[in-house]
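Start at 1 with the first residue, then count along the sequence. Computation of the quantities below employed the complete heavy-atom set of this structure, encompassing side-chain atoms and omitting hydrogens, waters and symmetry-equivalent molecules. Fair warning: this is a prediction, and the values are worked out from it, not measured in the lab.
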Amino acid sequence: MDLIKFIEYSKDMLDDDSDSHLVHFNKLMDVILNLVNFRVKNEQTNIKQERFYYINLLTQKFVVHGFSIKKLVEGISIESQSANLKVPISDPFSIQVLVRTAIENYLVQNYLSNSSLSDNELDGRFEIWMRYGLKQRGIKAETEEQKRVLASDEKSIDYLEQSIKKREFYLNLSEEKRTKFLKTINNEWKFIFDYDKFYPVSWKM
């Protein structure tokens, strides 16, 4: 994208013009759908690297949410066969929920795939994200199946933690900061690393 087109695009995004926003949104959805379709046609869906597998899954979720938003924007109908009733309505509440979810999907995807970072750091981010998710599941081991799942989760958490400890961003930390970091990842999964420092970050919507 050249500079002039980039400026025009940025101006459109900043303008309070819903029609312009929808045009760009439709273009975005078309590009992403074609990307997913290309992968399917070329049998590129068997992704072995776990981080890329989840990035692909997040992309698919974004596509589904995006096209659901498009459908809702066009309007839907509530119907009753017994009353021979069909009422066209708009549903801004569902649109708002789906937009929030789509944005959150994008933020996670970008966090795990930011091309300005090394694969070592991105893989470490992914491990922290996965470990946090497992820690937050909060399974109460009451049945045999729950006990089996909990034991599997604990094994995975330990494996991820050992892998995190081998990452460059962790090894650059002092012993004191390593201890603090390992406590922090129980409550947060988004971090920025600056050589011998780490900063928990967050986005609120």
Side-chain angles (χ1 to χ4, degrees), residues 32 35-36 39 44-66 68-69 94 96-205:
I32 296 177
L35 172 62
V36 173
R39 289 176 176 172
Q44 296 177 359
T45 55
N46 185 21
I47 302 172
K48 295 181 180 180
Q49 217 271 16
E50 194 172 16
R51 176 167 65 87
F52 293 131
Y53 170 83
Y54 278 93
I55 290 170
N56 185 61
L57 184 61
L58 288 166
T59 303
Q60 292 179 42
K61 289 175 66 178
F62 185 90
V63 169
V64 172
H65 292 144
S68 295
I69 292 167
S94 295
Q96 183 180 24
V97 171
L98 286 168
V99 167
R100 178 190 175 100
T101 304
I103 292 173
E104 288 176 345
N105 266 335
Y106 164 75
L107 291 172
V108 175
Q109 184 193 52
N110 182 66
Y111 181 79
L112 298 177
S113 63
N114 192 318
S115 60
S116 66
L117 301 175
S118 68
D119 283 339
N120 186 278
E121 183 167 341
L122 291 173
D123 287 338
R125 283 183 169 193
F126 173 73
E127 290 161 355
I128 295 167
W129 178 64
M130 289 290 289
R131 180 188 181 279
Y132 178 84
L134 291 171
K135 291 283 285 187
Q136 297 301 308
R137 274 155 66 107
I139 296 175
K140 295 182 180 180
E142 297 176 351
T143 67
E144 289 302 316
E145 176 63 16
Q146 289 171 337
K147 290 178 182 178
R148 184 191 66 78
V149 172
L150 183 61
S152 176
D153 283 357
E154 289 174 348
K155 185 177 180 181
S156 296
I157 289 168
D158 183 64
Y159 171 82
L160 290 166
E161 188 169 310
Q162 296 308 312
S163 185
I164 291 166
K165 289 179 179 179
K166 297 175 184 176
R167 296 295 173 188
E168 185 177 351
F169 59 74
Y170 178 82
L171 297 174
N172 287 335
L173 301 175
S174 65
E175 287 298 327
E176 180 181 357
K177 288 181 179 176
R178 289 180 186 180
T179 300
K180 183 179 179 181
F181 174 74
L182 291 175
K183 291 180 180 179
T184 306
I185 60 175
N186 290 324
N187 303 305
E188 181 58 81
W189 57 267
K190 301 179 291 294
F191 293 91
I192 293 175
F193 298 97
D194 183 13
Y195 191 66
D196 60 346
K197 301 180 182 66
F198 72 91
Y199 306 97
V201 295
S202 184
W203 53 72
K204 293 183 179 180
M205 299 179 61

Self-check item: Listed partners of Phe62 passing ring pair (Phe, Tyr, Trp, His ring centres under 6.0 Å), at least two apart
Solution: none
Quiz prompt | Student check: side-chain heavy atoms of Asn172 and Phe193 closer than 4.5 Å | solution = no
In a table with atom names and distances, give each donor-acceptor pair under 3.5 Å that connects a side chain of residues 162-170 to protein atoms at least two apart or in another chain.
from: Ser163; atom 1: OG; to: Glu127; atom 2: OE1; distance (Å): 3.3
from: Ser163; atom 1: OG; to: Glu127; atom 2: OE2; distance (Å): 2.7
from: Arg167; atom 1: NE; to: Glu127; atom 2: OE1; distance (Å): 3.1
from: Arg167; atom 1: NH2; to: Glu127; atom 2: OE2; distance (Å): 2.6

Exercise. Locate the shortest heavy-atom distance separating Ser113 from Ile55; write the atom from each residue and the value.
Key: CB-CD1, 3.6 Å
Quiz item: Does the Ser152 side chain pair with the main chain of Arg148, one donor and one acceptor, at a distance under 3.5 Å?
Solution: no
Self-check item: Set of residues satisfying side-chain hydrogen bond (donor to acceptor under 3.5 Å, both in side chains) with respect to Asn110, sequence neighbours excluded
Solution: none
Quiz item: Aromatic rings Phe198 and Phe181: how do their planes relate, parallel, tilted or perpendicular, breaks at 30° and 60°?
Solution: perpendicular
Quiz item: Roughly how far, to the nearest 0.5 Å, is the CH2 atom of Trp129 from the CG atom of Leu160?
Solution: 11.5 Å
Quiz item: Out of curiosity, Asp153 CG to Arg131 CZ, how far, rounded to the nearest 0.5 Å?
Solution: 12.0 Å
Quiz item: With a 4.5 Å limit on heavy-atom distance, are the side chains of Phe126 and Trp189 in contact?
Solution: no
Quiz item: Between the main-chain N or O of Asp196 and the side-chain N or O of Lys177, is there a donor-acceptor pair closer than 3.5 Å?
Solution: yes
Quiz item: Does any N or O in the side chain of Tyr54 come within less than 3.5 Å of the main-chain N or O of Gln109, such that one atom is a donor and the other an acceptor?
Solution: no
Quiz item: salt bridge (charged side-chain N to carboxylate O under 4.0 Å, His left out) with Arg178: which residues, sequence neighbours excluded?
Solution: Glu175
Quiz item: Where is the tightest heavy-atom contact between Ile185 and Tyr132, given as atom of each residue plus distance?
Solution: O-CD1, 3.8 Å
Quiz item: Can you name the salt bridge (charged side-chain N to carboxylate O under 4.0 Å, His left out) partners of Arg51, sequence neighbours left out?
Solution: Asp119, Asp123
Self-check item: salt bridge (charged side-chain N to carboxylate O under 4.0 Å, His left out) partners for Lys155, two or more places apart
Solution: none
Quiz item: Taking all non-hydrogen atoms of both residues, which atom of Tyr53 and which atom of Ile47 are closest, and how far apart?
Solution: N-CG2, 3.5 Å
Quiz prompt | For the student: nearest non-hydrogen atoms of Asn186 and Gln136, plus distance | solution = O-NE2, 3.3 Å
Quiz prompt | Qualifying residues under side-chain hydrogen bond (donor to acceptor under 3.5 Å, both in side chains), relative to Glu154, sequence neighbours excluded | solution = none
Practice problem: Measure across Leu173 and Tyr195 and return the closest heavy-atom pair with its distance rounded to 0.1 Å. | Solution: CD2-O, 4.4 Å
Self-check item: Residues in side-chain contact (heavy atoms from CB on, under 4.5 Å) contact with Ser118, at least two apart in sequence or another chain
Solution: Asn120, Glu121
Quiz prompt | Separation between OG of Ser156 and CG of Leu134, rounded to the nearest 0.5 Å | solution = 6.0 Å
Quiz item: Residues two or more places apart in sequence or in another chain: which of them pass side-chain contact (heavy atoms from CB on, under 4.5 Å) with Val97?
Solution: Thr101
Practice problem: Name all residues meeting the salt bridge (charged side-chain N to carboxylate O under 4.0 Å, His left out) criterion together with Glu176; count only those two or more places apart in sequence or in a different chain, and write none if there are none. | Solution: none
Practice problem: Might you confirm whether atom CD of Gln96 has over 12 heavy atoms from other residues, nucleotides or ligands at distances under 6.0 Å? | Solution: no
Self-check item: Partners meeting side-chain contact (heavy atoms from CB on, under 4.5 Å) with Gln60 (sequence neighbours left out)
Solution: Asn56
Quiz item: So do the side chains of Arg125 and Leu117 get within less than 4.5 Å of each other, counting heavy atoms only?
Solution: yes
Practice problem: Quick one: list whatever passes side-chain contact (heavy atoms from CB on, under 4.5 Å) with Glu142, sequence neighbours left out. | Solution: Lys140, Gln146
